[in-house]
Amino acid sequence: MDVDGKSSSKGEEEKKNAVVVILVGAPGSGKSTFCDHVMRDTIGNGKAGTKAQCLTNAAAALKDGKSVFIDRCNLDREQRADFVKLGNPQVDMHAVVLDLPAKLCISRSVKREGHEGNLQGGKAAAVVNRMLQKKEFPKLSEGFSRITFCQSESDVQAAIDMYSALGPQNTLPSGSFGQKNPDAKVQLGIMKFLKKVDSPVNAVSKGDSLKDSVTTDKENDSSFIGREELKEVEEVKGVEEVKGGEDLAFSSLESTSSFDNAPTLAFPSISTADFQFDLEKASDIIVEKVFEYVSKLGNARFVLVDLSSGSKILSLVRAKAGEKNIDSGKFLTFVGDITRLYSGGGLRCNVVANAANWRLKPGGGGVNAAIFSAAGPSLETATMERAGSLAPGKAVVVPLPSTSPLFCREGVTHVIHVLGPNMNPKRPNFLNKDYKKGCEVLREAYSALFEGFASIVKSQETSYEEPTGKLGSVRLVSPVDFKIPRKNQISNADRKVKREDVYESERNKKCKGLHEEHGSKTGATNGNDDAQNEKNNGSASKAWGAWAQSLYRIATNPEKHKNDVMEISDDIVVVNDLYPKAKRHLLVLARYEGLDRLADVRKENLQLLRTMHDVGLKWAEKYLSEDKTLIFRLGYHSAPSMRQLHLHVISQDFDSKHLKNKKHWNSFNSAFFRDSVDVMEEIDKFGRATLKDEDILLMELRCHRCRSAHPNIPRLKSHIGNCRAPFPASLLQNGRLLFATDKDGTNQ
DNA sequence: GTTCTAGAAC
DNA sequence: GTTCTAGAAC
């Protein structure tokens with residue numbers, strides 16, 4: 001079935017409400033079923049036609065004033081373009097995206113016999129798999145006035161109901177609806193796709209499901225809002241695409257583009273929720289303050305975030321920002337969860353503002369509860385070290401410990417708590433309708449917030465480790481302060497000096513030196529080391545088990561491991577990995593006490609990273625000269641199992657009996673593996689490297705060259721033994737991969 | 001029946 | 001990090 005015509009009941013004037021609905025989805029996603037449910041009559045009797053026939057039929061049906069549903073896969077933009085052209089000012093173009101779990105599409109396709117696409121049996125899985133890899137979701141900019149995403153059977157049913165009920169007199173709101181977490185990187189393995197019934201791990205809905213969006217829009221009587229919001233989502237999608245390419249799982253590889261890395265502050269509207277501040281007045285102040293700071297802060301971006309898709313404050317602010325001609329590249333509004341901007345929306349924000357309470361404690365509700373909960377207990381500890389309470393109109397900058405999920409998952413380096421004026425009689429510091437005072441305090445609050453952000457931007461532009469100290473009403477404290485145990489109650493002025501002392505003794509001394517000075521410490525038992533870890537991080541960081549100490553021991557006493565060590569210097573030790581995961585797999589260990597993993601690395605370690613990289617390069621080149629078929633990659637694991645910072649230098653054949661499980665594969669072939677070149681760049685720019693959560697290791701198995709998915713390790717290994725596809729473009733950039741060179745110096 | 005994964009123990 | 005092994009998947 002290619003084209004279905006839905007007859008408009010009667011009369012000429014209904015023509016203007018005719019609609020072309022393009023169904024977008026893989027085979028087995030339920031496009032035909034969708035049409036069957038919505039349609040009364042079908043053109044083409046369910047037989048497949050050519051695209052040309054389909055277009056002709058569709059045009060004819062439209063001429064008759066009928067609505068048309070296009071039932072082809074339409075998974076890429078080019079395919080859709082010709083159908084979009086059918087639209088004209090009298091005809092709305094809609095897209096319905098059936099983005100159901102791959103396992104469902106596959107199992108349906110496999111079952112189906114004699115379906116027009118001739119996709120039976122085993123081939124179906126492969127075809128669906130391939131199509132899903134290449135899918136390009138439709139965007140409003142292609143010419144659609146409405147896009148409905150369906151990501152579950154219930155979404156599909158809701159869409160069917162909606163289109164079935166669509167009479168000739170009514171229209172549906174414009175905009176894009178129902179797309180959930182577009183960044184669902186962690187997918188279930190293919191076997192799970194085929195077998196299990198549960199939905200994808202990341203299918204989180206935050207009230208933006210199809211039904212919610214539609215209702216919200218009705219309540220707000222505005223299709224305009226829907227459309228505008230889509231623009232925001234689209235902008236964010238743009239970001240996602242820039243870095244994501246065709247494979248979401250690899251998006252972070254390319255995420256270091258300068259655009260994406262502009263310092264960005266995400267902030268909720270202060271005081272307008274629980275504190276009941278007037279929205280009109282608040283939106284004026286937001287726009288006024290953003291206007292003031294946007295020009296001051298170079299390429300820094302500001303993002304106003306609200307959870308609800310029908311948010312009044314967002315539309316007010318958007319309209320007023322438009323009037324003031326604020327650069328839309330620097331000030332965005334965003335609908336979504338402020339604690340999942342990157343993982344849920346592809347939007348990278350290094351600083352997040354919290355609408356805090358005066359006690360700076362978790363709980364309450366709204367943004368404050370969400371941020372404390374998402375950041376984990378380390379945020380509370382860190383906050384309490386900065387300040388015990390907060391007055392209205394003030395803000396406090398808190399660097400996030402690298403152990404915080406908000407840091408690892410979302411790339412947030414700082415949280416700025418800000419307290420606004422309160423107009424709610426049930427809350428502390430109630431201003432009793434005194435909006436003169438209220439506006440004053442709200443202005444002060446945004447100034448403090450943006451000054452805090454400015455100070456972070458500034459400190460990152462210059463040296464990350466030289467905080468500018470007190471700035472306006474904002475206290476900025478270097479992240480290193482976390483290393484000071486809480487009991488050290490010292491003045492702020494003393495703190496900086498003290499901090500450097502701590503830093504000097506705990507970080508910069510090399511193992512060798514430390515060993516001489518504190519002989520007992522290096523020989524300390526496991527238990528003591530763990531205690532040290534606990535104390536230093538001020539949070540429940542992963543303790544290193546006894547089995548995780550071997551690299552640490554080698555780095556500390558390389559002379560005792562003469563048989564294993566290939567190179568020793570003051571800074572590094574080179575060893576072969578005891579369980580190599582490829583033909584060549586060696587480790588460059590840092591010989592610095594306290595540098596246990598990438599999360600511990602700061603800007604002052606940049607030279608060390610460069611040294612490690614150069615040593616790794618030297619060894620890779622040596623092996624490349626011996627075997628020109630090898631290809632090398634240098635990088636770090638986001639969360640290593642073994643203590644002591646180590647750089648992996650690993651050939652890309654992955655031909656090894658020691659590569660046995662998903663974790664092994666994904667730790668070298670997902671964003672969990674941080675290329676050394678990217679790590680150095682991030683440390684240089686931001687003082688920290690972005691790290692991926694261990695969740696990503698459970699991701700499906702994909703070939704690192706052609707990106708095809710495989711059901712299990714043995715099959716993957718037999719595939720990679722033969723696959724000669726070129727590597728993905730992202731890996732070929734910036735010297736992430738090292739190839740042997742010909743005599744004339746060109747790459748092979 | 002064999003193959004493969006994933007969690008616990010080390 | 002690996003090894004061991006129960007039980008799921010085939």
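Each chain gets a letter, A, B and so on, in the order the sequences are listed, and its residues count up from 1. Keep in mind the model is a prediction, meaning the values are calculated, not measured.
- Rounded to whole Å, the distance from CG on A/Asn661 to C1' on C/dA9 is 17 Å.
- Contact between the side-chain N/O atoms of A/His664 and the OP1/OP2 oxygens of C/dG1 is not found at any separation under 4.0 Å.
- Using cut-offs of 30° and 60° for the angle between ring planes, the A/His648 and A/His646 rings count as perpendicular.
- Under the stacking definition used here (centres under 5.5 Å, planes under 30°), the residue A/Tyr579 fails to qualify as stacked on the base of C/dG1.
- Here B/dC4 is the nucleotide among B/dC4, C/dG1, B/dA6 with the atom lying nearest to any side-chain atom of A/Asn712.
- Contact annotation for A/Lys660: backbone-only contact, meaning every heavy-atom pair under 4.0 Å involves sugar-phosphate atoms and none involves a base.
- Defined by atom type and a distance below 3.5 Å, a donor-acceptor pair is present between the side-chain atoms of A/Ser343 and A/Glu410.
- With C/dG1, B/dT5, C/dT2 as the choices, the nucleotide that has an atom nearest any side-chain atom of A/Pro714 turns out to be B/dT5.
- Regarding A/Lys663, its NZ atom lies at a distance of 18 Å from the C1' atom of B/dC4, rounded to whole Å.
- Residue contacts for A/His646: at a heavy-atom cut-off of 4.0 Å it reaches no nucleic acid atom on any strand shown.
- In this model, the phosphate group of C/dT2 is approached by a side-chain N or O of A/Lys581 to a distance below 4.0 Å at OP1 or OP2.
- If you check every strand for non-hydrogen atoms under 4.0 Å, A/Ile713 touches sugar and phosphate atoms only.
- Counting only distance, with no hydrogens or angles, the side chain of A/Arg591 and the backbone of A/Ser569 share a donor-acceptor pair below 3.5 Å.
- Listed for the A/Asn605 side chain is a donor-acceptor partner under 3.5 Å among the backbone atoms of A/Arg602.
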